[in-house]
Amino acid sequence: QVQLVESGGGLVQAGGSLRLSCAASGKIFTPNTMGWYRQAPGRQRELVAAATSSGRTNYADSVKGRFTISRTNAKTVYLQMNSLKPEDTAVYYCNAIVTLNTYWGQGTQVTVSS
């Protein structure tokens with residue numbers, strides 16, 4: 001059984017920074033991909049950033065240059081969020097893909113005020 005637990009969300013002013021953390025618990029595993037998604041009211045969940053086991057990274061155009069994903073090992077992933085904008089306000093979810101299974105964290109609220 002694999003569980004993903006997120007932390008680091010909160011309220012921040014525009015231009016500020018937050019660092020999201022995701023820690024996996026349960027059986028040992030090596031996800032093919034770990035990443036972050038976000039969902040705002042009235043919007044579908046969308047990819048923010050992802051990292052493969054080989055170190056390849058991918059970012060949404062809207063966050064490129066401001067956010068950095070880092071994957072230190074098979075069970076940890078971080079999202080450094082700089083120069084935050086009100087448009088970044090959403091619930092952020094950690095994601096991991098293991099073979100054909102997809103796992104999700106509980107979500108953490110990020111609110112950026114102007």
Side-chain angles (χ1 to χ4, degrees):
Q1 187 176 6
V2 176
Q3 297 184 50
L4 304 177
V5 180
E6 299 160 323
S7 63
L11 176 65
V12 65
Q13 289 186 236
S17 298
L18 285 173
R19 180 169 138 106
L20 305 184
S21 175
C22 177
S25 63
K27 66 181 180 181
I28 297 174
F29 69 103
T30 304
N32 300 94
T33 302
M34 295 191 74
W36 295 90
Y37 286 69
R38 67 185 181 188
Q39 187 169 22
R43 305 280 293 180
Q44 293 193 51
R45 191 173 298 184
E46 63 180 356
L47 175 70
V48 177
T52 69
S53 58
S54 63
R56 184 182 181 90
T57 59
N58 183 54
Y59 296 90
D61 288 340
S62 60
V63 307
K64 194 171 298 182
R66 299 188 297 120
F67 293 8
T68 302
I69 187 171
S70 60
R71 185 177 173 184
T72 57
N73 56 53
K75 291 191 172 184
T76 57
V77 64
Y78 303 91
L79 185 68
Q80 180 66 47
M81 309 165 69
N82 298 326
S83 302
L84 283 162
K85 304 174 180 180
E87 305 89 84
D88 296 317
T89 296
V91 178
Y92 285 70
Y93 298 89
C94 181
N95 166 268
I97 300 175
V98 184
T99 60
L100 297 179
N101 298 120
T102 301
Y103 301 92
W104 295 94
Q106 80 283 3
T108 184
Q109 177 71 48
V110 172
T111 302
V112 184
S113 64
S114 59

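Just so it is clear, the values below take in all heavy atoms, side chains as well, and ignore hydrogens, waters and symmetry mates. Since the structure is predicted, the reported quantities are computational estimates derived from the model, not experimental observations.
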List the atom pairs, with distances to 0.1 Å, where a side-chain N or O of residues 96-107 and a protein N or O form a donor-acceptor pair under 3.5 Å, not counting sequence neighbours.
{"from": "Gln106", "atom 1": "OE1", "to": "Glu6", "atom 2": "N", "distance (Å)": "3.3"}
{"from": "Gln106", "atom 1": "NE2", "to": "Glu6", "atom 2": "O", "distance (Å)": "3.2"}

Compare every heavy atom of [Y] with every heavy atom of [X], then report the nearest pair and how far apart it is.
X	Y	answer
Tyr59	Ala49	CD2-CB, 3.6 Å
Gly9	Val110	CA-CG2, 4.2 Å
Pro86	Ala14	CD-CB, 4.1 Å

Once you round to the nearest 0.5 Å, how far does [atom1] of [X] lie from [atom2] of [Y]?
X	Y	atom1	atom2	result
Phe67	Leu18	CZ	CG	9.0 Å
Thr108	Leu79	OG1	CG	11.0 Å
Arg71	Thr33	CZ	OG1	7.0 Å
Ile69	Met81	CD1	CE	11.5 Å

Next item on the list: Any pair with a residue in residues 76-92 that passes side chain to side chain donor-acceptor pair (under 3.5 Å), sequence neighbours left out, goes on the list, sorted by first then second residue, please.
Entry: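 Side chain to side chain donor-acceptor pair (under 3.5 Å) check on residues 76-92 returns Ser17-Asn82, Arg38-Asp88, Arg38-Tyr92, Arg66-Asp88, Thr72-Thr76, Asn73-Thr76, Gln80-Asn82.
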Next item on the list: Just do the side chain to side chain contact (heavy atoms under 4.5 Å, CB included) check on Leu4 and Tyr93 with the steps written out, would you?
Entry: CA-CA 9 Å; Leu4 304 177; Tyr93 298 89; over 6 Å; no
Check: In terms of hydrophobic clusters joined by side-chain contacts under 4.5 Å, are Val63 and Val12 together?
Finding: yes
Next item on the list: Verify the cluster assignment for Val91 and Trp36: are they in a single hydrophobic cluster under the rule of side-chain heavy atoms below 4.5 Å apart?
Entry: no
Next item on the list: Using a 4.5 Å cut-off on heavy atoms from C-beta on, say whether the side chain of Thr111 contacts that of Gln109.
Entry: yes
